[in-house]
Participant: 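For reference, the structure I am asking about is given below.
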Amino acid sequence: MIPAAFDFHRADTADAALALLAEHGDEAKLLAGGHSLLPMMKLRLATPAVLIGVGRIEELSYIRADDEHIAVGALTRHQDLVTSALLREQVPLLAHVAGLVGDLQVRHRGTLGGSLVHGDPAADLPAAVLALDATLVIRGPAGTRAVPADEFFTGFLETVVGPEEMLIEVRIPSMPGAGWAYEKFTRRANDWAIVAVAAAGGRLALANMAGTPVRATETEQALAAGGSIDEAAHLADRGLAGEPPEDMHGDRAYRRHLARVLTGRALRTAQERVG
């Protein structure tokens with residue numbers, strides 16, 4: 001299908017993008033790589049009157065050490081995450097998961113911030129930043145605010161980012177030597193996850209098990225109390241903030257089973273990577 005008509009403006013700085021958002025309000029959408037927004041526009045699931053191109057804002061594309069955190073600009077492309085030596089050393093889960101997003105064409109255009117703000121519960125990177133205990137920095141008319149990943153995703157394709165705000169940075173605690181793993185079950189290599197599990201330093205997040213990426217809190221608590229991997233993994237589908245979806249790829253019972261199996265695999269791999 002063909003998207004509805006829209007006006008296009010290009011912003012070369014974050015301030016310029018915010019000024020355009022303030023001018024056009026909720027009629028405007030930011031366009032970075034476009035892999036999430038444009039398909040929705042073609043299906044008329046999103047009909048913004050104004051698109052603001054932010055893909056050329058160089059000030060928001062970086063990966064750098066910042067005290068005990070790694071700071072990643074929101075417009076950092078997936079492939080830059082994959083090839084970052086700093087991430088592979090300090091936050092290897094993020095580099096690994098970015099390499100599983102789509103194909104090379106997608107990874108060379110798509111951005112970390114675009115994936116997170118889109119908020120698809122089946123996407124890889126939202127689950128990764130949730131497991132990594134990231135903090136997301138948002139800028140808007142009222143200034144800058146920092147939001148924990150646990151509070152960032154509010155519903156299906158919804159986040160706390162307001163219509164006149166933009167995500168500018170993701171801050172991730174450095175965790176060299178911590179165990180990590182990502183287990184993703186798909187029909188084909190480039191598909192969205194039917195279910196996926198991200199594990200990092202004792203935190204676990206599940207993709208496509210609710211309307212948002214969710215923490216496997218009962219599994220985390222079981223591990224903290226000294227439970228075995230098998231015992232903890234058996235609790236992966238319990239106490240979630242929502243019900244698993246049902247679609248052509250699987251019903252709720254199937255997804256619950258996958259969550260338990262994949263969590264067990266992720267925990268064993270993470271245990272092997274400690275140190």
Participant: What pairs meet the salt bridge (Lys or Arg N to Asp or Glu O under 4.0 Å) rule with one or both residues in residues 9-38, with sequence neighbours excluded?
Facilitator: D15-R139
Participant: Under the criterion side-chain contact (heavy atoms from CB on, under 4.5 Å), I'd like the reasoning laid out for L235 against Q221: C-alpha separation, chi angles, the key distance, then a yes or no.
Facilitator: CA-CA 10 Å; L235 303 173; Q221 292 166 3; over 6 Å; no
Participant: Give a yes or no answer on whether the side chain of R260 reaches the backbone of D237 with a donor-acceptor pair at less than 3.5 Å.
Facilitator: no
Participant: Has E231 got a side-chain atom pairing as donor or acceptor with S228's backbone, closer than 3.5 angstrom?
Facilitator: yes
Participant: Just one of V161, V129, L130, T159 clears the side-chain contact (heavy atoms from CB on, under 4.5 Å) bar with L116, so which one?
Facilitator: V129
Participant: With Q271, which residues qualify under side-chain hydrogen bond (donor to acceptor under 3.5 Å, both in side chains), at least two apart?
Facilitator: none
Participant: Between CG of D7 and CG of L20, what distance do you get to the nearest 0.5 Å?
Facilitator: 11.5 Å
Participant: Roughly how far, to the nearest 0.5 Å, is the CD1 atom of I168 from the CG atom of L18?
Facilitator: 8.5 Å
Participant: Specify the closest pair of heavy atoms between A207 and A127, including all atoms of both residues, with the distance to one decimal.
Facilitator: CB-CB, 4.1 Å
Participant: What closest approach, in Å, do A17 and I57 show between heavy atoms, and which atom pair accounts for it?
Facilitator: CB-CD1, 4.2 Å
Participant: For the residue pair H118 and L37, establish whether any side-chain heavy-atom pair is separated by less than 4.5 Å.
Facilitator: no
Participant: Determine the minimum heavy-atom distance between A210 and A241, stating which atoms define it.
Facilitator: CB-O, 3.8 Å
Participant: Check ring pair (Phe, Tyr, Trp, His ring centres under 6.0 Å) between H9 and all other residues, then give those that pass, not counting sequence neighbours.
Facilitator: H24
Participant: Say whether, by atom type as modelled, one donor and one acceptor occur between the side chain of R109 and the main chain of G34 under 3.5 angstrom.
Facilitator: no
Participant: With rounding to the nearest 0.5 angstrom, report the CH2 to NZ distance, W192 to K184.
Facilitator: 8.5 Å
Participant: Decide whether L75 and V170 are clustered together by the hydrophobic rule: side chain heavy atoms of Ile, Leu, Val, Met, Phe, Trp, Tyr closer than 4.5 Å, transitively.
Facilitator: no
Participant: Do R268 and D230 meet the salt-bridge criterion of a basic N to acidic O distance under 4.0 Å?
Facilitator: yes
Participant: Ignoring hydrogens and geometry, is there a side-chain-to-backbone donor-acceptor pair from T263 to A233 under 3.5 Å?
Facilitator: no
Participant: Can you hop from I63 to V97 via hydrophobic side chains spaced under 4.5 Å?
Facilitator: yes
Participant: Tell me every residue that passes side-chain hydrogen bond (donor to acceptor under 3.5 Å, both in side chains) with E59, counting only those two or more places apart in sequence or in another chain.
Facilitator: none
Participant: Show, in sequence, the C-alpha distance, side-chain angles and deciding distance for F152 and V117, and conclude whether the side-chain contact (heavy atoms from CB on, under 4.5 Å) test is met.
Facilitator: CA-CA 9 Å; F152 185 78; V117 174; 4.3 Å; yes
Participant: Please enumerate all residues that pass ring pair (Phe, Tyr, Trp, His ring centres under 6.0 Å) together with H96, with sequence neighbours excluded.
Facilitator: W180
Participant: Say whether I138 and L60 are linked into one hydrophobic cluster, either directly or through other cluster members, by side-chain heavy-atom distances under 4.5 angstrom.
Facilitator: no
Participant: Of all residues at least two apart in sequence or in a different chain, which pass the salt bridge (Lys or Arg N to Asp or Glu O under 4.0 Å) check with R203?
Facilitator: D133, D150
Participant: Between Y182 and L94, is any pair of side-chain heavy atoms under 4.5 Å apart?
Facilitator: no
Participant: Answer yes or no: are there more than 12 heavy-atom neighbours, outside H234 itself, under 6.0 Å from its atom NE2?
Facilitator: no
Participant: State whether the side chain of R64 and the backbone N or O of A71 hold a donor-acceptor pair below 3.5 Å, judged by distance alone.
Facilitator: no
Participant: Do the side chains of L30 and L136 join up, straight or via other hydrophobic residues, at under 4.5 Å, putting them in one cluster?
Facilitator: no
Participant: State plainly whether the residues R171 and D67 are in salt-bridge range, i.e. N to O under 4.0 Å.
Facilitator: no
Participant: At their closest point, which heavy atom of A181 faces which heavy atom of A266, and how far apart are they?
Facilitator: CB-O, 3.3 Å
Participant: What closest approach, in Å, do L93 and A131 show between heavy atoms, and which atom pair accounts for it?
Facilitator: CD2-CB, 4.4 Å
Participant: Tell me whether L125 is reachable from I172 by hopping between hydrophobic residues (I, L, V, M, F, W, Y) whose side-chain heavy atoms are closer than 4.5 Å.
Facilitator: yes
Participant: If hydrophobic residues (ILVMFWY) are linked whenever their side-chain heavy atoms come closer than 4.5 Å, directly or via other members, who joins Y254 in its cluster?
Facilitator: F185, I194, V195, V197, L204, L206, M209, V214, L223, I229, L240, L258, L262, L267
Participant: Would you mind writing out the side-chain donor-acceptor pairs for residues 78-85 within the sub-3.5 Å range, not counting sequence neighbours?
Facilitator:
from : atom 1 : to  : atom 2 : distance (Å)
T83  : OG1    : Q79 : O      : 3.1
S84  : OG     : L86 : N      : 3.4
S84  : OG     : L87 : N      : 3.1

Participant: Apply salt bridge (Lys or Arg N to Asp or Glu O under 4.0 Å) to R145 and list each qualifying residue two or more places apart in sequence or on a separate chain.
Facilitator: E165
Participant: Can you give me the closest heavy-atom contact between A28 and L21, atom names plus distance?
Facilitator: CB-CD2, 4.2 Å
Participant: Could you tell me if the side chain of L157 sits less than 4.5 Å from the side chain of D120, heavy atoms only?
Facilitator: yes
Participant: Quick one: list whatever passes side-chain hydrogen bond (donor to acceptor under 3.5 Å, both in side chains) with D191, sequence neighbours left out.
Facilitator: R188
Participant: Is it true that a side-chain atom of R255 and a backbone atom of P245 form a donor plus acceptor pair closer than 3.5 Å?
Facilitator: yes
Participant: Under the rule for side-chain hydrogen bond (donor to acceptor under 3.5 Å, both in side chains), what residues qualify as partners of T154, not counting sequence neighbours?
Facilitator: none
Participant: With no hydrogens and no angle check, is any side-chain donor or acceptor of R107 less than 3.5 Å from a backbone partner on G99?
Facilitator: yes
Participant: What donor-acceptor contacts under 3.5 angstrom involve side-chain atoms of residues 38-52, with partners at least two apart or in another chain?
Facilitator:
from : atom 1 : to : atom 2 : distance (Å)
R44  : NE     : I2 : O      : 2.8
R44  : NH2    : I2 : O      : 2.8

